[in-house]
Every structure is written in structure tokens, then in C-alpha cells.
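The structure under discussion appears below in the form of C-alpha cells.
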Amino acid sequence: MSTLYVDNIYSKTGTSQALSIDSSGRVTMPVVPAWRVSISANQSVSSTGFTQVQLDLTSTENCFLNGGVTISSYEVVAPVTGIYAIHSYVRLDGVGTGYVQLSIMVNGIKTDVSDSYSIEGSPPSNYVTINASDVFSVNANDTFRLEVYTSNDTSYTINSNTVFSGHLVG
């Protein structure tokens, strides 16, 4: 049996730290692709059907982009190929009748089981929050998008208390 003692592991070029192990055995990775973003202001919607949530990095109040994650056209861009755990909650206000749906999509695709969604039937007119979570296998530069669907309502608000988060799990 062999034993390897190490505190830090660096990239092949030796210029960036890839892993650290502290004296208690905790492993940390300083550059894990991860994000937590929101929208900068309430988003007014005036139509039925699908509406893209206008994600951005609204503030430093626990919103962040890490490990090469970027936002382009209100979509989160995965910097590396891998499996990502994704979660979102979207608050809607002023919903009338019908149902609402939150979809998480990769590259804007909504077919069969390619996306993940949550449906809320007959939601209250204010303070409805829809949650969706899933795990996706994506390639570098694939995008994650949030869309809200309303079956009947033509005037409601996507509240700025909306959050979209995720991270690379492997």
C-alpha cells in the first residue's frame, strides 16, 4: 500500500491551483463553474404563451458568476462540458386565470424530455412562486434558458425576486 501526501494540486502548466486539501481532509476546488443570477427589475409581460426570463447579474448581493460562466442574451453559458445541477424559482405577480409553467431549457429546446418544467394550476393572483430543478449533461458553450408560460393571462409581472442557480457536478 502506498500513501500520497499532498496539500495542493496544480494544473499541468503549474500556474493555477486545481485542488486543495486542508488539514481536516476537506477538498476545495477554486474554479468550479457555478452561478446565481436574477433579474435587475420586475419584468412586465403582455402576452400569453412563452416569455424568456431576462436573466442578468443584478448585484453583488449573493449573485455571482464563477469559473468562466457568462450570460449572453439572457441565457447562462456553460464554460465546460459536463453535468450541471440547475435550480430556479420564479415569482409571478398579477396572474389571472389559467395555469403557469416554468421551463428550464438547454439551447432553447423544448421537445420531449429535453427540458424540465413545473406547472402551477390556478395560481393565486400575486406571490406565486414556481420552482424547477434538474440535472443536465451539456457541452461547452451550451446555454441554459428560463421561460415562463401562461395559458390565459396577457398581463402579469415576473418579479425581481426570481433566482436561477446552478453548478458543475462532474
Side-chain angles (χ1 to χ4, degrees), residues 31-170:
V31 190
V32 175
W35 68 91
R36 186 177 190 271
V37 296
S38 187
I39 60 177
S40 56
N42 291 346
Q43 181 181 341
S44 296
V45 182
S46 58
S47 64
T48 59
F50 284 98
T51 298
Q52 184 178 0
V53 178
Q54 297 178 355
L55 298 167
D56 59 21
L57 185 60
T58 61
S59 71
T60 58
E61 188 176 334
N62 208 22
C63 288
F64 59 88
L65 300 170
N66 190 58
V69 174
T70 58
I71 296 177
S72 176
S73 301
Y74 308 122
E75 297 178 331
V76 173
V77 182
V80 296
T81 298
I83 297 172
Y84 288 78
I86 308 297
H87 176 74
S88 182
Y89 60 89
V90 175
R91 178 177 151 191
L92 303 174
D93 293 325
V95 175
T97 61
Y99 66 91
V100 293
Q101 173 181 318
L102 168 63
S103 294
I104 301 173
M105 294 166 285
V106 175
N107 299 325
I109 298 170
K110 290 185 287 246
T111 58
D112 298 326
V113 294
S114 63
D115 66 328
S116 182
Y117 66 91
S118 180
I119 295 176
E120 187 76 33
S122 302
S125 62
N126 283 319
Y127 310 119
V128 63
T129 302
I130 307 173
N131 295 281
S133 296
D134 212 334
V135 178
F136 293 94
S137 178
V138 301
N139 294 313
N141 299 314
D142 281 351
T143 60
F144 296 104
R145 169 191 281 195
L146 291 182
E147 288 190 1
V148 173
Y149 176 87
T150 56
S151 63
N152 293 332
D153 204 304
T154 59
S155 180
Y156 65 96
T157 300
I158 301 172
N159 190 281
S160 62
N161 288 330
T162 291
V163 171
F164 183 44
S165 60
H167 67 281
L168 177 70
V169 293

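Scanning both residues, Val37 and Trp35, for their nearest heavy atoms gives CG2-CD1, 4.1 Å. When all heavy atoms are compared, the tightest approach of Ser38 to Ser160 is OG-O, 3.0 Å. Here the closest heavy-atom approach between residue Ala140 and residue Thr81 is recorded as N-OG1, 3.0 Å. Of all non-hydrogen atoms in Leu65 and Thr70, the two that sit nearest each other are CD1-CA, 4.3 Å. Heavy atoms only, all atoms of each residue included: Val95 and Val128 are closest at CG2-CG1, 4.5 Å. Nearest heavy-atom pair, Ser151 versus Gly98, reported as atom, atom and distance to 0.1 Å: OG-CA, 3.2 Å.
Side chain to side chain, Ser40 and Asp56 meet the donor-acceptor criterion of an N or O pair below 3.5 Å. Judged by distance alone, the side chains of Gln101 and Ser103 do bring a donor and an acceptor atom under 3.5 Å apart.
Atoms OG1 and OH, from Thr143 and Tyr74 in turn, are 15.0 Å apart once rounded to the nearest 0.5 Å. Atom CG of residue Asn42 and atom CD of residue Gln54 lie 11.5 Å apart, to the nearest 0.5 angstrom. Taken to the nearest 0.5 Å, the OG atom of Ser88 stands 12.5 Å off from the CG atom of Asp134. Separating the OG atom in Ser116 from the CZ atom in Phe136 is a distance of 5.0 Å, to the nearest 0.5 Å. Interatomic distance, Leu146 CG to Ile104 CD1, rounded to the nearest 0.5 Å: 6.0 Å. Between the OG1 atom in Thr51 and the CG atom in Leu92 there is a gap of 10.0 Å [rounded to 0.5 Å].
Looking at Val90 and Thr129, their side chains never come closer than 4.5 Å, going by heavy atoms from C-beta outward. Two residues are said to be in side-chain contact when any heavy atoms from C-beta on lie closer than 4.5 Å; Phe164 and Ile86 meet this criterion. Using a 4.5 Å cut-off on side-chain heavy atoms (C-beta onward), Val80 and Leu168 make contact. Two residues are said to be in side-chain contact when any heavy atoms from C-beta on lie closer than 4.5 Å; Phe144 and Asn107 fail this criterion. Residues Ser137 and Tyr84 have side chains not in contact (no heavy-atom distance under 4.5 Å, counting atoms from C-beta outward). The shortest side-chain heavy-atom distance between Pro79 and Pro33 falls under the 4.5 Å cut-off. Counting heavy atoms from C-beta outward, Ile109 and Asp115 have side chains that stay 4.5 Å or more apart. Side-chain atoms of Val77 and Val69, non-hydrogen and from C-beta on, never get closer than 4.5 Å to each other.
Applying the salt bridge (Lys or Arg N to Asp or Glu O under 4.0 Å) definition to pairs two or more places apart or across chains, those involving residues 89-100 are Arg91-Asp93. Sorted by first and then second residue, the salt bridge (Lys or Arg N to Asp or Glu O under 4.0 Å) pairs with a member in residues 153-162 form an empty list; sequence neighbours excluded.
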Review point. Are Tyr89 and Ile130 close enough, and set up right, to give a side chain to side chain contact (heavy atoms under 4.5 Å, CB included), and what steps lead you there?
Key: CA-CA 5 Å; Tyr89 60 89; Ile130 307 173; over 6 Å; no
Point to revise | Test side chain to side chain contact (heavy atoms under 4.5 Å, CB included) applied to Val45 and Ile158, step by step | key: CA-CA 7 Å; Val45 182; Ile158 301 172; 4.0 Å; yes
Check your understanding: Passes side chain to side chain contact (heavy atoms under 4.5 Å, CB included), Val53 versus Gln43? Steps please.
Key -> CA-CA 8 Å; Val53 178; Gln43 181 181 341; 4.2 Å; yes
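With hydrogens and angles ignored, the 3.5 Å screen pairs a side-chain donor or acceptor of Asn159 with a backbone N or O of Asn161. For the pair Arg36 (side chain) and Gly166 (backbone), a donor-acceptor distance under 3.5 Å is absent.
For Ser73, there are no side chain to side chain contact (heavy atoms under 4.5 Å, CB included) partners at least two apart in sequence or on another chain.
Aromatic rings of Tyr149 and Phe50 (six-membered ring for Trp) have centroids within the 6.0 Å cut-off, being under it.
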